[in-house]
Structure formats: C-alpha cells, structure tokens
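Structure first, then comments.
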Amino acid sequence: MKKFLRKVSAVILCVIMLCAVWPVRTSAAFEIPGICQVQTDTGSGGMVKTLDYAYAGNTYLSLRDMAMILRDTEKSFSLEIAKNAVSLNPGEAYMPVGVENAPWEAETNPDISLKRNEFKVGGQKVSYYTMIMELPSGGYDCFMMAADLGMILDTDITVPSAGTLQIHLLEPFSILPAELEQNGYFYGVNSVLVGDASTGEIYYEYQSDMPYAIASTSKLMTSLLTMEAVSAGQLSLDQQVVVSDGARRLAVSADGVIPLETGALITVRELLIGTLLPSSNECALCLAEAVAGSEEAFVQRMNQKALELGLSQAVFFNCNGLPVYTQEPVPAKRQNRMSAEDMFRLVSYLLKVYPQITEITSLEKARLESIDFEVRNTNPLLYNVSEVTGLKTGTTNRAGACLITSLTVDDGVAEHDLVVIVLGAEDSVERTRVSELLARYALQAFETGAGGTEPGAEVRTPENLPVQAEAAVQWVIRTARNR
C-alpha cells in the first residue's frame, strides 16, 4: 500500500512540475463571428458582420458594413480606420474598400481585444470601446456597439426580431430606462438615479435607496468640505500646502496617482484639481490634513456633514474612498458607502452652493504648476456629450465602476444641473455605456418635460433636499453671467 501511495505521489508531483514549466492558457477573451440583417426605414439594407465579445449576445457591428448601408441616406458617414485609430465623419460619403456586406471567410478566427482605441467624430475626440481588426485583403475594420453608433449618429435603432436591426433614420436616438430595467439591463449595476439637481426632481431610479461602496466618488464630499473651508476663510485657493510624509507614502503606493514628495508645496486649487480630475488619493489626503489637521479629524467632519445633509445611508472611513483596514489581528476591510439617493442629495447641494466646482470637473486636462505635472480627467463622457460638466469617477473591487455625471442645460429662463448616478457597474466599459445612455435620457426628459412620465415611472422629489439662500443667489448669478 505504501509503495502504491509513493507511486501516486510521484505522478502528482510530475504533473505539478509540468504545469509549472509548461505554459497553460486558463482563460482568454474570445470573439464569436456572426452576421445580422440591417434594414432602414427608407429601404436600404444588407448583411452586417458582427463580433460577440467574450459572451454570446454582447454584439459589436462592423462599421464598414454599416457605413455602406447608410451611404446614400441622411445618416451617411465616412470612415478612416488605422491599426489603433478611427475617424468617423457624419454627413460625408463613404468610400468602399471592397469588403463591405460580405460574409466572414470560413477560416476567420478573430483574436482582437476590446479597448479604447483613438476615436474621433467630426474631428473631435470621443471615448468609446471598440475592436479594430486587420482585414485579410489589407486595411482595417472597426466593430462597435449598435447603441454607441446610434448615439453618435443620433438615430434610433430597434431589434424587431432575433438577428435583425431596424434603423429609424428620421427618429432621434431615444432611451426609456423603465424598458431597459424590464429587460434586465440594470442587473449589471448596483444602482442608478437620474434627476434634476436644480429642482430636486428624480426622473428615474433603480435600487437608489440601498447603500453601496462608492470608491473615489467619496472625493466629492472631500471637495465640498474643502470649498466650505475656503468659503469660511480658513483656507484660500492659492494657499500652499506642505505635503506630509503620509501623503508621500500614499503617492508611491500601488494607489498613487501624482508623485508628491514630503515637504513639497502645492496650492489648494491644484490639490482640488488633482483630487477631481485624475482622482489622486494623495491630493485628497493633503486636503483633509489642510482642512482638519489630520485625516481622522476630517473623516469626523465628513460624517457630520452627511448627517447635516440628511444622507441617511452614508458612512465615511477615509477621505479618498480606498479600502481601509482595521488594526485587529484579523483586520476588517471597510469602504465608504452611500446610496444613490444620498449621492443625489450630496451632488445637488454641492452644485447649488459651489457651482464653480464644475470649472474644474469640466476640464479635460490641467497642469499643476507647483510640481510641473500634467493631469487628465478620468471622466469619459466629457468627450461624448457636450452638455457634460463633471463630476467624478470611482473604482474599487468592492464598489465596482462608478460614475457621477453632471450636465448643464438651459430652459430659456435659468440653467439646470442634471445628474446621472451609476454605482457598481461591472467594469469601465459598462460604466461608460450605462452613464451615457442615462445622460442622453436625462437630456431627453428635460427637453420634452417627460421626465418620469414613461410607463411605471413617477417624478419624485426627495424630502428635505438641502437648499440655501446662497445657493439660489449663486444660481441666478451664474445664469446671468452666462447670458
């Protein structure tokens, strides 16, 4: 028996050693080639090649095939596709390259990745996830989601039956969140909320009263308390802050964003920019220490402010949204949390009392002169929707991918700030798409006055939404200045 066990052990050991030295591909993204039939309401149509990325039904369409179908319509567009870049120009004629609307070759086995390739629409940079593949005949094709193309061209696309798409050329792109919810679209996120921060109206919400981890969107509270300290005269935007050793250690950690050195001087304004644009954890810590003397004291202020604003589900453990470990032998891993409705209250208050914050969050990039360092905004919707003015991204494993979006619109009398809150998307791809769909719904609802009138929805205003006289004055002044 012992001899048998020794032989079995030897075999197992050999297998382990072989696995250690032989490369094993345990998982990989894959693309499933297919086709669908596309028809327009003006009669043009044809076959379009598709790629289902990683999962069946996660379908991306050939832009060359779509361009050929729309070539002689009012939604025509030209294309230039390189290895890692796409240029799409609406209204221009498409020049065929000879591969359009043809079936996949039998031996085609695409092995390409989904990523943010460089993408321009009408010469302007946008942010969409696409797949670019090299064609057997030379040149490239690009695959993107039907919804993304519909938003770019502002045209409505429906699915009358499996394997078919109907393009309604004369109808603008539209979205009904209630229908998306009915189809299970929001199962991939923790919660969402769409509303008008200026009036408190909520157009649409999904699981908005449940608390979830909020990652770096926590920095909106950090920014609010900093703005209050500036308003009270405790700090000035041009005041220089000395970088602590704690901030330096955070800067050189895996969660570091901006290289800060102990003893370096950086202004409050630059710290706000670093906190809000690239989501610098070390800049947020510098602000917390400048405002309250220590992060611990600042966190107390964060939780006190949450109580004052009526954020019933909000709990803060730090100033930046990173996971926080306790000092126990078996440490607990805690994260800041909040409901989408709490976040709407916080953002509504922030935009009413300190609307100038969007002067920062609407920047695509900025230079921190004190340390000679350029930072870029992590918000992808700044490039896709012209009305977007902010506000903040956030991601941790627990929180998922979060994005708080603000949009400025005008009803002819005054400006309004619309807000879209998406908490806990599966990844940045879905975070961007869900947020843009809901941002376009927010604009649609505001422009038509139809917010909340879709089947099953109600216009709701949270009770005790924080409003101050100063906020109203700032709103009037901002509107008058812009006019």
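Index from 1, following the sequence. Basis for what follows: all heavy atoms, side chains included, without hydrogens, waters or symmetry-related copies.
For S127 and N384, the side-chain atoms include no donor-acceptor pair closer than 3.5 Å. No donor-acceptor contact under 3.5 angstrom links the side chains of Y185 and E179, judged on distance only. N379 and N377 share no side-chain donor-acceptor pair at under 3.5 Å. Between the side chains of E270 and T267, at least one donor-acceptor pair of N or O atoms lies under 3.5 Å. Donor-acceptor pairing under 3.5 Å is lacking for the side chains of Q207 and S191. T408 and D417 are linked by a side-chain donor-acceptor pair at a separation below 3.5 angstrom, with hydrogens and angles left out of the test. Looking only at atom types and distance, the side chain of S279 has a donor-acceptor partner in the side chain of S216 under 3.5 Å away. A donor-acceptor contact closer than 3.5 angstrom is absent between the side chains of K120 and N89. A donor and an acceptor atom, one from each side chain of S113 and Y53, are nowhere located under 3.5 Å apart. Using modelled atom types and a 3.5 Å distance limit, the side chains of S198 and K352 yield no donor-acceptor pair. E181 and Y187 form no side-chain donor-acceptor contact under 3.5 Å, judged by distance and modelled atom types alone. In the model, T393 has a side-chain atom that pairs as donor or acceptor with a side-chain atom of T378 under 3.5 Å. Side chains of E341 and S339: a donor-acceptor N/O pair is absent below 3.5 angstrom, by distance only. Judged by distance alone, the side chains of H416 and D411 do bring a donor and an acceptor atom under 3.5 Å apart. Residues K83 and N117 have side chains that never bring a donor and an acceptor to within less than 3.5 angstrom of each other.
Annotation: E80, atom CD; neighbour count of heavy atoms from other residues, nucleotides and ligands within 6.0 Å does not exceed 12. Taking a 6.0 Å sphere around CD of E171, one finds it holds more than 12 heavy atoms contributed by other residues, nucleotides or ligands. By the 6.0 Å contact criterion, CG on N397 is open, its count of non-hydrogen atoms from other residues, nucleotides or ligands being 12 or less. Sparse packing is recorded around CZ of R398, with 12 or fewer heavy atoms of other residues, nucleotides or ligands lying under 6.0 Å away.
One distance of note links CD1 of I81 with OH of Y140; it measures 11.0 Å at 0.5 Å rounding. We find the CE-CG distance between M144 and L51 to be 13.5 Å, quoted to the nearest 0.5 Å. Separation of atoms CD (E261) and CG (D245) is listed at 10.0 Å; rounding is to 0.5 Å. Separation of atoms CG (L220) and CE (M338) is listed at 8.5 Å; rounding is to 0.5 Å. With rounding to the nearest 0.5 Å, the separation of CG in L149 from CG in L88 is 7.0 Å. Here E374 contributes atom CD and E369 contributes atom CD; the two are 10.0 Å apart, rounded to the nearest 0.5 Å.
Shown here are the salt bridge (Lys or Arg N to Asp or Glu O under 4.0 Å) partners of E387, two or more places apart in sequence or in another chain: there are none. In this structure Q300 satisfies the side-chain contact (heavy atoms from CB on, under 4.5 Å) test with no other residue, sequence neighbours excluded.
For the side chain to side chain contact (heavy atoms under 4.5 Å, CB included) with T130, the qualifying choice from F143, Y60, F119 is F119, the only one to do so.
Using a 4.0 Å cut-off between a side-chain N of Lys or Arg and a carboxylate O of Asp or Glu, D141 and K49 do not qualify as a salt bridge.
Under the 4.5 Å side-chain criterion, counting only non-hydrogen atoms from C-beta, R345 is not in contact with L309.
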Item to complete: Might you work through the side-chain contact (heavy atoms from CB on, under 4.5 Å) test for V242 and E289, ending with a clear yes or no?
Response: CA-CA 10 Å; V242 180; E289 293 172 340; over 6 Å; no
Practice prompt. Test salt bridge (charged side-chain N to carboxylate O under 4.0 Å, His left out) on R431 and D427 and set out the steps.
Written response: CA-CA 6 Å; R431 173 179 68 185; D427 53 32; over 6 Å; no
Practice prompt. Tell me, with the steps shown, if M145 and N58 meet side-chain contact (heavy atoms from CB on, under 4.5 Å).
Written response: CA-CA 8 Å; M145 275 273 185; N58 190 31; 3.0 Å; yes
Discussion item. Run the side-chain contact (heavy atoms from CB on, under 4.5 Å) test on L61 and M66 for me, step by step, so that the C-alpha distance in whole Å, both residues' side-chain angles and the decisive distance to 0.1 Å come before the verdict.
Written reply: CA-CA 8 Å; L61 307 174; M66 294 295 292; 4.1 Å; yes
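Considering all non-hydrogen atoms of both residues, T432 and P380 come closest at OG1-CG, 3.4 Å. Shortest non-hydrogen contact noted between L235 and A290 is CD2-O, 4.0 Å. Minimum heavy-atom separation, L63 to V86: CD1-CG1, 4.4 Å. Scanning all heavy atoms of the two residues, the minimum distance from S406 to L351 falls at CB-CD1, 4.2 Å. Across all non-hydrogen atoms, the minimal contact from K305 to Y349 is NZ-OH, 3.5 Å. Closest approach of Q335 to A213, counting heavy atoms only: OE1-CB, 3.9 Å.
Here Y204 and F186 bring their ring centres to under 6.0 angstrom of each other.
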